[in-house]
> 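Shown below is the structure under consideration.
Both counts, for ligands and for their atoms, begin at 1 and track the order of listing. Computed from heavy atoms alone, side chains included, the values below leave out hydrogens, waters and symmetry copies. The residues of the chain are indexed from 1 along the displayed sequence.
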Amino acid sequence: MMEHYFIGADIGGTTVKLAFIREDGEITKKWEIPTNTEKKGESIPADIAESITEKMEEDRMDKELILGIGAGAPGFVDTKTGYIHEAVNIGWKDFNFGPLLSDLTGFPVWVDNDANLAALGENWLGAGKGCTELIAVTLGTGVGGGIIANGQVLNGANGTAAELGHVTVIPEGGAPCNCGKTGCLETVSSATGIVRRGKEMIGDYPESTLHPHIKTGALTAKDVFEASKAGDEAAKQVINEVTDVLGMAIANMAIAINPEKIVIGGGVSKAGDWLLEPLEKSYRKYALSRTAEASTFGIAELGNDAGVIGGAYLVKKNR
Ligand SMILES: [Zn+2]
């Protein structure tokens, strides 16, 4: 029998990650192209199509073997049509991406939000493998969320379901968020939020080891975790606050779907247990105890491949 392939495409603000993926989820080839955000990102579909054709020729891959493309974009997506309402980082607004990419490649295309794709990837082959109810949170420069309920990824009435980063956690006086609101979870529990809180906190801690990092202007979330591990009081305080708020937000979200597993990914998740332990403690403090009993926490396993693998799974589920 001939081997068939899915194509996964994970479109980010600086690169588009692409992969050929076998039906069992194994990546046979992966590569990246730069995201050209000039002219409101209009060349991106053609850039992707051209690159796919090139790689297929390299591998002498027959068109008949491709089952479809599953693509993720950071923004508000109409998953039924592949239409992008808005993807700020790449410049798209009211962009008919899915049909355009399908016309250019001749393959069927399914599109979803990038955080939803990461959740799908982890649900298929990663830390949330086989879970019918799953919350996936991506902690990077922002906070992304994806929710699987009854085995299906949630999209909502107009593509904003599971936008966990924009749950309001500071009702008044919070920092401004990219979405236009203030006090969103993303302003607190992202890498950016951790750095901001670190800078605010050290005013009260003249001895903090975070001061030298701030002087050079290069404080990172990793520095705050490292300092916290080494016993720095200011850093410990920041991590406590950040995980407390995040745990509360996840606990509140958990009541809606009663998750079996909560998977944390993104750059900040590299802190491992230093993040998970206080986070889980906070979750158990705020969640209904029966809800908490059903859930375990884990760090995402697929890393940068979660999006393309989720894309493959999107095709697998829909075709
Ligand atoms: Zn927001």
> Is there side-chain contact between His166 and Thr160, with heavy atoms separated by less than 4.5 Å?
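A side-chain contact under 4.5 Å is absent here.
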> Go through the structure and list residues passing salt bridge (Lys or Arg N to Asp or Glu O under 4.0 Å) with Lys29, not counting sequence neighbours.
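Scan of Lys29 (salt bridge (Lys or Arg N to Asp or Glu O under 4.0 Å), adjacent residues dropped) gives Glu58, Asp59.
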> Quick one: CD1 on Ile21 to CG on Leu125, what's the gap to the nearest 0.5 Å?
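CG of Leu125 is found 9.0 Å from CD1 of Ile21.
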> Picking from Phe76, Tyr83, Phe97, what satisfies ring-ring contact (aromatic ring centres under 6.0 Å, His included) with Trp92?
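Option passing the ring-ring contact (aromatic ring centres under 6.0 Å, His included) with Trp92: Phe97.
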> Sort by chain and number the protein N/O/S atoms found under 2.8 Å from the Zn ion (ligand 1).
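You should have found His166 ND1, Cys177 SG, Cys179 SG, Cys184 SG.
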> For a quick check under 3.5 Å, do Ser208 and Asp232 share a side-chain donor-acceptor pair by atom type?
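There is such a pair (donor and acceptor under 3.5 Å, judged by atom type) between the side chains of Ser208 and Asp232.
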> For the residue pair Ile11 and Ile48, establish whether any side-chain heavy-atom pair is separated by less than 4.5 Å.
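Yes. Closest side-chain heavy atoms under 4.5 Å.
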